[in-house]
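Beneath this line is the structure, given in structure tokens, with notes to follow.
Both ligands and their constituent atoms are indexed starting at 1 by order of listing.
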Amino acid sequence: MARFFKKSFNSIFKLKTREHKPPTSKPKGWLSEEDEQFTPERSFWQNPEEPISHYYRWIWEYLAYLPLLCDVKRDSRILEIGCHHGRTSRGLLQYIRSPGLYRGFDVEASQVAEATRRITHQAPNFQYLHADVYNRHYNPSGTIKASQFVFPFEAQSFDCVYAASVFTHLLPDEILNYFRETHRVLTLAGKVLFSFFILDFYKGPGTSVSPDYEFDHPYENDPGIAVKYSEHPDSVIAYSRERIEEYAKAAELRIVRVIPGLWSNSPGTAVNEQDLIVFERG
Ligand SMILES: C[S@@+](CC[C@H](N)C(=O)[O-])C[C@H]1O[C@@H](n2cnc3c(N)ncnc32)[C@H](O)[C@@H]1O
């Protein structure tokens with residue numbers, strides 16, 4: 001398991017620019033005809049070398065989390081922040097039925113185009129939008145600051161908002177804005193699921209499942225925020241529960257559940273690779 005994480009992080013964080021890797025001769029995996037259609041070529045994956053089991057794990061996990069942790073029903077309206085090429089939305093295709101719908105947005109145009117080509121053409125209630133928001137890795141020519149981005153949706157239009165491995169790359173003012181925008185687009189009874197690296201669970205060098213999950217450098221002298229690479233804090237960033245609660249409070253959200261992830265080797269429940277936090281309005 002640790003080996004997958006290491007490979008995956010090496011491929012994500014050590015790239016200077018986001019370019020698709022050269023085509024690989026490795027097959028995606030032994031997929032059914034339907035899965036083959038919905039799964040992009042490996043050159044689109046975060047880590048083109050990863051086993052198909054790891055790629056799919058995220059798909060089925062989010063299909064389980066959203067109904068179980070966020071009361072997502074078959075007719076729910078769902079927003080995914082940082083949808084990439086629609087990996088985690090793939091499982092929802094078999095669950096969400098009209099008038100239920102899925103919307104995802106991402107800063108990387110080529111990934112959004114791939115999701116649209118493969119998924120929206122067959123499932124029109126699943127739509128993927130490009131947000132021209134700056135990100136050093138994923139959209140270095142982006143024109144909008146994440147700290148100022150207004151989600152392109154009406155107020156209270158989603159029953160659930162989720163993000164998988166996105167807040168692990170966002171800086172404090174970006175998180176605060178995304179929390180506020182989440183609150184704006186969320187229905188009154190809506191639920192939110194965001195993954196984080198919660199700094200409270202980190203026990204020091206050599207204790208995590210991979211050296212890629214080590215947070216030994218404080219960010220801007222704040223003991224509640226730490227990064228792996230000081231020079232590139234957005235490569236991978238961890239927040240204390242206290243900081244996350246502060247941002248949530250400022251955005252009129254509140255934490256209702258925290259489920260530790262596998263990354264930190266924490267005792268007790270560990271479900272996803274990252275820590276999961278469920279929020280409600282409040
Ligand atoms: C580690 S990937 C996770 C992708 C996807 N959630 C998944 O699990 O397959 C991080 C994603 O966040 C997107 N991203 C980065 N900054 C963003 C921002 N400010 N707003 C929306 N998406 C962003 C990236 O383009 C990338 O697709």
Next item on the list: Would you tell me whether S89 and Y128 have side-chain atoms, one donor and one acceptor, within less than 3.5 Å of each other?
Entry: yes
Which bit of [X] gets closer than 4.0 Å to ligand 1, counting heavy atoms only: side chain, backbone, both or neither?
X    : answer
Q111 : neither
H84  : both
Q46  : side chain

Check: Hey, is ligand 1 close enough to C83 that some N/O pair sits below 3.5 Å?
Finding: no
Item checked: W58 N/O to ligand 1 N/O under 3.5 Å -> no
Could you go through residues 246-257 and list every donor-acceptor pair under 3.5 Å that involves a side-chain atom there, pairing it with any protein atom two or more places apart or in another chain?
unit_1, atom_1, unit_2, atom_2, d
E246, OE2, R243, NH1, 3.1
R254, NH2, E280, OE1, 2.8

Next item on the list: Validate the cation-pi geometry between R103 and F153: distance from NZ or CZ to the six-membered ring centre under 6.0 Å, angle to the ring axis within 45°.
Entry: no
I'd like to know whether ligand 1 has [X] as a neighbour, heavy-atom separation below 4.0 Å.
X    : result
E80  : yes
F105 : yes
F149 : no

Notebook entry, point to check: Is E231 atom CD crowded by more than 12 heavy atoms from other residues, nucleotides or ligands, each under 6.0 Å away?
Noted result: yes
Checklist line | Minimum heavy-atom distance L276-L69, with the two atoms named | finding: CD1-CD1, 4.3 Å
Checklist line | Criterion side-chain hydrogen bond (donor to acceptor under 3.5 Å, both in side chains) against Y102, the qualifying member of R77, E80, Q127 | finding: E80
